[in-house]
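Step one of this worksheet: look at the structure below.
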Amino acid sequence: MINLNKRIATLAAAAAVSAIALAGTATTTFAQEVTLRLHQFLPAQANVPKYVLDVWADKIEEESDGRIKIQRFPSMQLGGTPPELIDQAIDGIADIVWTVAGYTPGRFPRTEVFELPFMMTNAEATSKAYWEIAEKYMLDDDFKDFHTIGVWVHGPGLIHSKEPIRTVADLNGVKLRAPTRVTNMMFSSMGATPVGMPVPAIPEALSKGVVDATVIPWEVAGILKVPELVSNHTEFGDASLYTTSFIFAMNKDRYESLPDDLKAVIDDNSGGNIAEWAGNNWAAIEEPGLKVVQSKKKNKFHVIPESEVEKMRAAAAPVFERWYREVAKDGIDGAALLADARTLIDKYSK
C-alpha cells in the first residue's frame with residue numbers, strides 16, 4: 001500500500017511538473033504570436049493593395065513562420081477618414097497604415113520636395129531617393145511619432161478630364177482634383193482651380209460636377225471608375241508632371257513590443273528594401289489600370305508635346321519659390337533640400 005501510495009504521489013508530481021512545463025511553453029508560444037491590423041484607404045481589389053500591401057503582408061507572415069498575422073482592413077473599414085490614418089497609427093487604432101503624406105497638409109513638409117513640378121523621373125529612382133532623404137532628415141523629425149516601415153512614390157501623374165487637356169491654356173478655369181498642397185499650388189499656377197480631396201472622393205466629385213478633372217496615375221483609375229466618368233486622358237511624354245509621397249507606418253509601441261526575432265522580420269522588409277521594391281514594381285502596378293482605361297473605346301488619349309511641356313514648366317516655376325517660403329516657416333532650407341533630392345534622383349535614374 002505504501003509503495004502504491006508513493007507511486008501515485010510520484011506520478012502526480014510528474015504530471016504536475018509536466019503541466020507546469022506545458023503551460024509555460026504555451027504561454028511562451030502565445031506571447032510570441034502577434035496579430036497586426038493594417039489599415040488603408042483603397043478597396044482590397046485595387047492594384048496597390050493587391051500588388052504591394054498584400055504581397056508585403058504575406059511575406060511578413062511567411063518569414064515569421066506564421067507567428068505574425070496581418071489583418072487587412074481596406075477602404076477605411078476601421079473607421080475615420082484617409083487624413084486620419086497617420087494619427088490612427090500613432091494612437092494605436094491601427095497597428096500599421098499606408099497613407100498619403102499630403103493628406104495632412106504641411107505636417108510632413110520635407111516629403112513635399114518629391115511632389116514639386118516635374119521633379120520625379122520614375123517611381124523606383126524617386127522612391128529610393130525619398131528613402132535616403134527620409135533617413136537623413138525625417139525619421140527623427142517629421143516621422144518621430146511612429147515607426148517608419150517604408151516610403152515610396154507612385155508613377156508619373158496624369159490628367160483625366162471631361163474636356164481635352166492638350167495645352168497649358170486648356171487648364172484655365174478647370175476645376176481639378178489634386179492630392180496635396182504642392183500639386184494644388186502647381187495647378188493653380190497653371191490656371192486651373194484646384195480642389196484638394198483624398199482618392200476615394202474622386203468618383204462622387206466627378207459624377208456630381210464638383211470637379212471637371214482629376215490627377216491620378218493609371219493604377220487607380222480603373223477601380224475608381226474614372227474612365228467611365230471622363231473621356232480624356234493626358235500624358236506628358238518623357239516628362240513626369242508630378243507624383244505623390246506615401247508613408248507606410250507602424251505604431252511605435254507595437255513595434256517595440258515585438259520580440260527581437262519578429263522585429264528582424266519587419267526590419268528585413270522595411271526601409272530602402274521596400275522603397276526600391278515598391279518603386280520597381282510600379283510599372284507592373286500601372287499596367288492593369290491602363291488596360292481598364294484602354295478598354296473604353298470612346299476614350300481619347302492625348303500626349304502633350306515637348307514645346308507645351310516647356311510652357312507648363314514655365315507656368316509652374318513660381319511654385320518653387322512659394323514652397324521655399326512655406327517650408328522656411330518650419331526652419332527648412334527648401335533650396336538645399338531640393339538640390340539634395342535632385343542629386344539622389346539623378347543618381348538612381350542612371
What do you reckon, is [atom1] of [X] surrounded by more than 12 foreign heavy atoms closer than 6.0 Å?
{"X": "K252", "atom1": "NZ", "answer": "yes"}
{"X": "R322", "atom1": "CZ", "answer": "no"}
{"X": "Q77", "atom1": "CD", "answer": "yes"}
{"X": "K298", "atom1": "NZ", "answer": "yes"}
{"X": "Q294", "atom1": "CD", "answer": "yes"}
{"X": "E62", "atom1": "CD", "answer": "no"}

Using side-chain heavy atoms (C-beta onward) and a distance below 4.5 Å, is [X] in contact with [Y]?
{"X": "D340", "Y": "I133", "result": "yes"}
{"X": "W282", "Y": "I285", "result": "yes"}
{"X": "E286", "Y": "P217", "result": "yes"}
{"X": "M186", "Y": "L241", "result": "yes"}
{"X": "P82", "Y": "T99", "result": "no"}
{"X": "V292", "Y": "P227", "result": "yes"}
{"X": "I149", "Y": "S270", "result": "yes"}
{"X": "R177", "Y": "I216", "result": "yes"}

If you measure from [atom1] on [X] to [atom2] on [Y], what distance do you get to the nearest 0.5 Å?
{"X": "I93", "Y": "L78", "atom1": "CD1", "atom2": "CG", "answer": "9.0 Å"}
{"X": "E124", "Y": "S349", "atom1": "CD", "atom2": "OG", "answer": "9.5 Å"}
{"X": "M190", "Y": "L171", "atom1": "CE", "atom2": "CG", "answer": "7.0 Å"}
{"X": "T234", "Y": "L158", "atom1": "OG1", "atom2": "CG", "answer": "8.5 Å"}
{"X": "M250", "Y": "D253", "atom1": "CE", "atom2": "CG", "answer": "10.5 Å"}
{"X": "I202", "Y": "M197", "atom1": "CD1", "atom2": "CE", "answer": "7.5 Å"}

Between [X] and [Y], does at least one N-O distance fall below 4.0 Å, as a salt bridge requires?
{"X": "E308", "Y": "R166", "result": "no"}
{"X": "D145", "Y": "R107", "result": "no"}
{"X": "K291", "Y": "E287", "result": "yes"}

Heavy-atom closest contact ([X] atom, [Y] atom, distance):
{"X": "N251", "Y": "A94", "result": "CB-O, 4.2 Å"}
{"X": "A125", "Y": "I345", "result": "CB-O, 4.1 Å"}
{"X": "I70", "Y": "R72", "result": "O-NE, 2.9 Å"}
{"X": "A129", "Y": "L344", "result": "CB-CB, 3.6 Å"}
{"X": "T180", "Y": "G102", "result": "CG2-CA, 3.8 Å"}
{"X": "R313", "Y": "A239", "result": "NH2-CB, 3.9 Å"}

Ring centroids only, cut at 6.0 angstrom: are F143 and F108 within range, meaning strictly under it?
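Yes, the ring centres sit under 6.0 Å apart.
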Could you label the plane-to-plane angle of the Y255 and H147 rings as parallel, tilted or perpendicular, counting under 30° as parallel and over 60° as perpendicular?
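Rings of Y255 and H147: parallel, as their planes differ by under 30°.
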In this structure, which one of F248, W56, F41 forms a ring-ring contact (aromatic ring centres under 6.0 Å, His included) with W98?
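Running ring-ring contact (aromatic ring centres under 6.0 Å, His included) over F248, W56, F41 with W98 returns exactly one hit, F41.
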Apply side-chain contact (heavy atoms from CB on, under 4.5 Å) to L85 and Y103, showing your working.
CA-CA 9 Å; L85 278 166; Y103 279 174; 5.7 Å; no
Going by atom types alone, do H39 and Q88 pair a side-chain donor with an acceptor below 3.5 Å?
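Looking only at side-chain atoms, Q88 and H39 do form a donor-acceptor pair, the distance falling under 3.5 Å.
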